[in-house]
Amino acid sequence: MSNQTYEYEELCEHLRELLAERNVAEIRQELCKMNSFDTAEFLTDLREENENLMVLAFLLLSKEQGAEAFAELDTPEQELIINSISDSQLGSIIEEMYVDDAVDLMEELPANVVKRVMRAATPETRKLINQYLKYPENSAGSIMTAEFIDLKKYMSVRESIARIRRIGEDKETIYVCYVTSGDRKLEGVVTVKDLLLHDDDDEISGIMDTNVIFAHTTDDQEDVADLISDYDLLAVPVVDKEDRLVGIITVDDVIDVIEEENTEDMDKMAGILPSDTPYARSPVVELWKNRIPWLLFLMLSATLTQMVMTHYETALAAQAVLTAYIPMLMGTGGNSGSQASTAVIRSLSLGETETKDVLKVLWREIRVAVLCGVTLACVNFVKLLLVDRMLLNNAAVTIPVALTICVTLVFVVIFAKVVGCTLPMAAEKIGLDPAVMAAPLITTLTDTVSLLIYFRFAQMILRI
């Protein structure tokens, strides 16, 4: 355990003792030592012990610290606090929050709670929140914030720094400032470093960078995350259809987007419908609803496998030993397909591969599949003859049987990797999430085809 973690836990324990004693003055003093994230963690832990204590601790925070901690809390804790405070207290919290955090709050809370929050907000804040809520879900407009520093190109360095000092306290970031025209069109960008390294009388027009990387309000949030990652930006400006600057997206917002998108992809790749509720807070019924559709689909699709085995029932009866190796072949095919699909989906999400590269990807995976298939077949051939035939005394495992299994193995791996790499790219091409074409679907398809390949080779080699 690190010293920092130990100190945090020690402070939390001390705060619990002070709350039990209702020592208000010292509680406030101790709470001031915590940052917003740790405060939110402490409040969440308190809720599990005593909801009243959590609300009491929150009400003892300063107005600014309370708003910052409130933005870090999960929806259940936010809803509890909202239902426990007055309209004036709620209004103060909303006014202190950044607009993007307030918008996120509106999207997560129940409708009746949202109405109360909106009533508590000032008309100006309410108008701004409503404007942001109109943007498409998961778009740049829906996650941007309006708290940014804007400058004019005719301003001097001295005037610019004075403006930053005057309005910068409530802004999301002051390190990057945006130069706009009289009609709010984006003209350039300048950093605080640029201002500090130039003379006071220099004009912004001679300092600013006019080659601005920006996003549109309708751009997908994942594309914006890629933009910030690719260009190593602290923030990216967001413009509307008329190229007017309407907000910015900061790197901390992008981290949340990346986490959200990665979680969604992992759910889809595991055959689970994505959910906004964290696993630890998800009711059993919700988990059931998210999982059962894919499980039903996969169970019913296994009918194809059953039909293949029924069709070759006579062949299996003639060479019963073949049945023992079906799980190994199907498992290897599924694993091979999963490897290829995971690699391709990751490459697509990082922008390393595009759908036009499908032939290059296919050729690469075929070569990998041949190498993997031949290696597995050689090892398996030796294993069949030494372990299964000699050590386990299974006389039914003859050289022709071993050859049938191993040849099948090579072609199953090739097929699985071809399917694993092409299905995600096909999904991307037609506008679907590549993660949908992941392990469960590919495994089901591979299982059926593996059996067809297996029995076909058995007929050819073993004459059954």
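Residues meeting the side chain to side chain donor-acceptor pair (under 3.5 Å) test with Ser181, sequence neighbours left out: Asp183. Residues passing the salt bridge (Lys or Arg N to Asp or Glu O under 4.0 Å) test with Lys185, sequence neighbours excluded: none. With sequence neighbours left out, Lys153 forms a salt bridge (Lys or Arg N to Asp or Glu O under 4.0 Å) with Glu187. Partners of Ala71 according to the side chain to side chain contact (heavy atoms under 4.5 Å, CB included) rule, which considers only residues two or more places apart in sequence or in another chain, are Met97, Asp101. Residues satisfying the salt bridge (Lys or Arg N to Asp or Glu O under 4.0 Å) test with Glu95, not counting sequence neighbours, are none. The salt bridge (Lys or Arg N to Asp or Glu O under 4.0 Å) check on Arg116 picks up Asp87, with sequence neighbours excluded.
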Enumerate donor-acceptor pairs with a distance under 3.5 Å from any side-chain N or O in residues 359-369 to protein atoms, sequence neighbours excluded.
residue	atom	partner	partner atom	Å
Arg367	NE	Trp363	O	3.3

Identify all side-chain donor-acceptor contacts of residues 54-67 below 3.5 Å with residues at least two apart in sequence or on another chain.
residue	atom	partner	partner atom	Å
Ser62	OG	Gln65	N	3.2
Gln65	NE2	Leu31	O	2.7
Gln65	NE2	Met34	O	3.2

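The list of salt bridge (charged side-chain N to carboxylate O under 4.0 Å, His left out) pairs with a residue in residues 47-56, not counting sequence neighbours, reads Arg16-Glu49, Arg47-Glu51, Arg47-Glu77. The list of ring pair (Phe, Tyr, Trp, His ring centres under 6.0 Å) pairs with a residue in residues 180-214, not counting sequence neighbours, reads Phe214-His216. Applying the salt bridge (charged side-chain N to carboxylate O under 4.0 Å, His left out) definition to pairs two or more places apart or across chains, none involves residues 170-182. Sorted by first then second residue, the salt bridge (charged side-chain N to carboxylate O under 4.0 Å, His left out) pairs that include residues 236-257, not counting sequence neighbours, are Asp240-Arg244, Glu242-Arg244.
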